[in-house]
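Everything below concerns the one structure shown next.
Residue numbers count from 1 along this sequence.
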Amino acid sequence: MPQDNLHEIKGNKNRLAPVTPDSLTGVPRQQTNPSRWSGSGWDAFVAELNSAGVNISQSSAARSIYITDGGGVAMGLPRGVLVARSSENVSKTLKAAQKHRVPVTVRGGGLTTEGECVSYGGLQLDMRGMSRVLHIDSANMTVRAEAGIYWHSLAEALRRQGLDYLSAPLNMTSSVGGTLGVGGIDINSPKFGCSADQAISLKVVTPTGYIVECSEQVNPELFEQVLLGYGQFGVITEATLKIRPFTPIRMHYFYYSSLKESIEDLRFLVEEEIADYAGILTMLDRAINLLVAFDSDEREQEFFSRYRSRLRGHGEIGFTLRMAAHYALHPWKVKEALYLLERKRALLPELSPSAHMQDNKMVDRTVVFSRAVWKFWGGRQMVIPDLATSREKFARAVERGNAVCRRYFPNYTLYCVGIRLFGSRPRYELSCIPPDAQDFAYGCEFEPILGDHYYSRDHLQSFKNEIYDIGVDMGTSYYRFGGMMKGYIRRVFNNELVDKHLRIKQEADPAMILNPDVIF
Ligand SMILES: Cc1cc2nc3c(=O)[nH]c(=O)nc-3n(C[C@H](O)[C@H](O)[C@H](O)COP(=O)(O)OP(=O)(O)OC[C@H]3O[C@@H](n4cnc5c(N)ncnc54)[C@H](O)[C@@H]3O)c2cc1C
């Protein structure tokens with residue numbers, strides 16, 4: 001275990017709090033719940049904004065819809081809510097918040113799962129009031145939009161001109177601003193990188209209320225801080241993004257019963273740039289599905305003529321026969337076999353719904369996958385710890401995480417993707433991009449299927465801790481990075497690096513009001 005992780009807080013070595021008998025010992029756990037805010041300064045804050053024409057909603061009806069995020073595990077209530085309408089009113093709000101030391105928690109689609117966008121008192125700034133497409137430049141292939149827009153709404157506007165964004169979460173209600181701050185992974189991330197890497201320029205309101213345009217050329221430091229910055233260094237109010245021509249995609253599925261083989265084949269596809277889209281989606285660790293898709297018929301034909309034979313995955317019929325043989329020899333696992341069969345029967349048609357298929361090609365992958373995710377994995381609570389690793393550590397990390405899933409839940413899914421990196425951009429430091437990854441990073445989400453089962457918070461937290469502990473042990477990063485799991489940030493990165501970013505934060509946000517307790 002790295003000695004860096006054995007640091008001291010306020011001179012006292014943290015007391016150990018292992019959550020399961022075999023979780024890592026000797027690693028101090030740090031604060032996992034935000035401290036309480038006393039509420040002082042609130043009335044003066046509201047009054048000042050009121051007189052400046054910015055009205056805060058304080059009714060319990062307005063506040064209570066923000067009680068949790070997509071995960072449904074972190075709970076908190078804001079003292080008031082502001083739906084952002086312009087960069088100017090965000091600026092007035094942050095200036096007043098600095099003066100009266102009122103915490104401001106920004107929210108886009110609210111799809112975090114560790115409470116990163118949940119307010120524990122203070123103001124909830126809902127960016128979805130800023131959701132217009134401002135300008136589509138089809139000559140230079142860029143779009144300018146307000147940052148509270150959902151990616152799906154952006155796609156609708158682009159589609160009218162035969163255009164599309166590059167890559168975004170496979171979820172219809174994630175916003176552009178929230179995603180640029182956390183990363184954004186699509187099944188085409190091996191080709192285009194994470195969503196944050198498609199930003200060309202941003203309008204940002206700094207924590208002290210200045211409205212600043214930034215890009216790689218103009219105010220590059222701020223640009224790099226805000227991208228993958230988890231809302232710490234400014235509120236993104238507008239973004240200019242790269243776009244591309246829209247293409248329906250032809251999807252192919254190859255089935256594996258070995259995680260290791262499927263991961264090796266995913267890496268082959270990603271690193272040799274063979275497919276336009278690739279990812280792994282499993283049912284337990286028994287039915288492992290490598291999905292591969294193409295933007296053009298030429299790329300698809302090239303794959304089948306040159307590379308298909310190098311993949312070890314089977315087609316559906318071949319795999320079904322192998323599974324039948326396996327369960328015939330292991331009859332005591334009949335329950336598992338029935339579960340897989342039922343899951344396959346229900347899920348596969350949802351991945352090619354007739355309304356979204358044209359000439360056997362999938363139109364609107366985001367709609368198809370988003371619907372399937374909510375239908376088959378969604379529920380009152382969604383617990384999705386993950387590990388983000390270098391290529392060398394990926395297979396081992398997934399195998400270890402899989403063993404944890406097996407112990408905690410009867411049914412679960414693993415979702416694995418590759419992510420192209422572009423050199424060593426400053427934005428990658430202290431982010432979901434693992435520090436030792438070069439050219440490509442990989443991520444795996446460990447997703448129990450909770451269904452109608454009730455699990456205690458302790459059970460869910462122990463599960464997450466065991467996954468996150470693997471990250472500490474192996475020196476990886478996490479895609480979910482902060483909120484309830486922020487204690488892991490110091491453990492997985494060294495103190496020196498976290499303190500370096502903390503100093504930048506303190507300088508940019510003297511009263512530490514913007515998205516407090518998420519990272520620092
Ligand atoms: C069912 C489900 C499926 C998912 N699938 C995917 C997937 O396929 N790929 C993927 O990458 N992720 C996925 N996620 C994770 C989630 O979609 C991402 O975290 C999402 O991109 C965040 O966008 P959001 O608008 O929901 O951000 P929010 O949750 O609203 O905010 C995220 C963080 O950014 C801050 N923030 C929000 N808006 C701004 C802004 N304008 N300026 C500055 N800071 C801001 C918030 O304070 C918070 O800290 C999934 C989550 C769920 C629940």
Start with the C-alpha gap between Asp499 and Arg490, add the side-chain angles, then the distance that decides, and say whether salt bridge (Lys or Arg N to Asp or Glu O under 4.0 Å) holds.
-> CA-CA 9 Å; Asp499 287 338; Arg490 275 191 186 271; 2.7 Å; yes
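Taking the side chain as every heavy atom from C-beta outward, Phe481 and Val182 never approach each other to under 4.5 Å. Taking 4.5 Å as the limit, some side-chain heavy atom of Val367 sits within range of a side-chain heavy atom of Met172. With a 4.5 Å cut-off on side-chain heavy atoms, Tyr488 and Asp469 count as touching. Inter-residue side-chain proximity for Val235 and Thr93 is flagged as unmet; no heavy-atom pair is nearer than 4.5 Å.
Looking at residues two or more places apart in sequence or on another chain, you find no ring-ring contact (aromatic ring centres under 6.0 Å, His included) involving Tyr428. Partners of Ala157 by side-chain contact (heavy atoms from CB on, under 4.5 Å), not counting sequence neighbours, listed by chain and number: Val133, Arg160. Here Glu238 pairs with Arg144, Lys203 under the salt bridge (Lys or Arg N to Asp or Glu O under 4.0 Å) rule; sequence neighbours left out. For Ser138, the side-chain contact (heavy atoms from CB on, under 4.5 Å) criterion is met by Gln161, Leu163, not counting sequence neighbours. Under the rule for a ring-ring contact (aromatic ring centres under 6.0 Å, His included), the partners of Phe45 that lie at least two apart in sequence or sit in another chain are Trp42. Taking Asp137 as the reference, nothing meets the salt bridge (Lys or Arg N to Asp or Glu O under 4.0 Å) condition, with sequence neighbours excluded. The side chain to side chain donor-acceptor pair (under 3.5 Å) check on Glu114 picks up Lys464, Tyr468, with sequence neighbours excluded.
Of all heavy-atom pairs spanning Gly471 and Val492, the tightest one is O-CG2, 3.4 Å. When all heavy atoms of Ser477 and Phe493 are compared, the pair lying nearest together is OG-CZ, 3.6 Å. Cys194 and Gly183 make their closest contact through CB-O, 3.6 Å (heavy atoms, listed as atom of the first residue, atom of the second, distance). Closest approach of Ser167 and Asn188 over heavy atoms only: CB-OD1, 2.8 Å. When all heavy atoms are compared, the tightest approach of Ala84 to Asn89 is CA-OD1, 4.1 Å. Residues Ala147 and Ile236 come closest through the heavy atom pair CB-O, 3.2 Å.
For the residue pair Thr366/Tyr165, the side-chain donor-acceptor check at 3.5 Å is satisfied. Side-chain contact, Tyr120 with Asp517: no donor N or O sits under 3.5 Å from an acceptor N or O. Inspection of the Tyr412 and Asn402 side chains reveals an N or O donor paired with an N or O acceptor under 3.5 Å.
Considering CG of Leu387 and OH of Tyr478, their distance stands at 6.5 Å, rounded to 0.5 Å. To the nearest 0.5 angstrom, Leu123 atom CG is 10.5 Å from Leu514 atom CG.
Not a single donor-acceptor pair under 3.5 Å links the side chain of Lys242 to the backbone N or O of Met141.
Under the salt bridge (charged side-chain N to carboxylate O under 4.0 Å, His left out) criterion, no residue pair touches residues 62-85, with sequence neighbours excluded. Sorted by first and then second residue, the ring-ring contact (aromatic ring centres under 6.0 Å, His included) pairs with a member in residues 187-225 form an empty list; sequence neighbours excluded. Pairs of residues two or more places apart, or lying in two chains, that qualify as side-chain hydrogen bond (donor to acceptor under 3.5 Å, both in side chains) and include a residue from residues 367-383 are Asn171-Trp374, Glu350-Lys375, Trp377-Thr413. Identified under the salt bridge (charged side-chain N to carboxylate O under 4.0 Å, His left out) test for residues 414-432, with sequence neighbours left out: Asp197-Arg425, Asp197-Arg427, Glu216-Arg425, Glu216-Arg427, Glu224-Arg427, Glu273-Arg420, Glu429-Lys500.
Atom CD of Gln438 sits in a sparse spot, with 12 or fewer heavy atoms from other residues, nucleotides or ligands closer than 6.0 Å. Annotation: Gln58, atom CD; neighbour count of heavy atoms from other residues, nucleotides and ligands within 6.0 Å is above 12.
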Would you tabulate the side-chain donor-acceptor contacts of residues 99-106 under 3.5 Å, counting partners in other chains and residues two or more places apart, or write 'none'?
unit_1	atom_1	unit_2	atom_2	d
Lys99	NZ	Glu48	OE1	2.9
His100	NE2	Glu48	OE1	2.8

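The cationic atom of Arg159 (NZ for Lys, CZ for Arg) lies less than 6.0 Å from the six-membered ring centre of Phe246 and within 45° of the ring axis.
Aromatic pair Tyr415/Phe369: ring centres not closer than 6.0 Å.
Ring geometry, His459 versus Tyr455: the interplanar angle falls under 30°, so the pair is classed parallel (tilted spans 30 to 60°).
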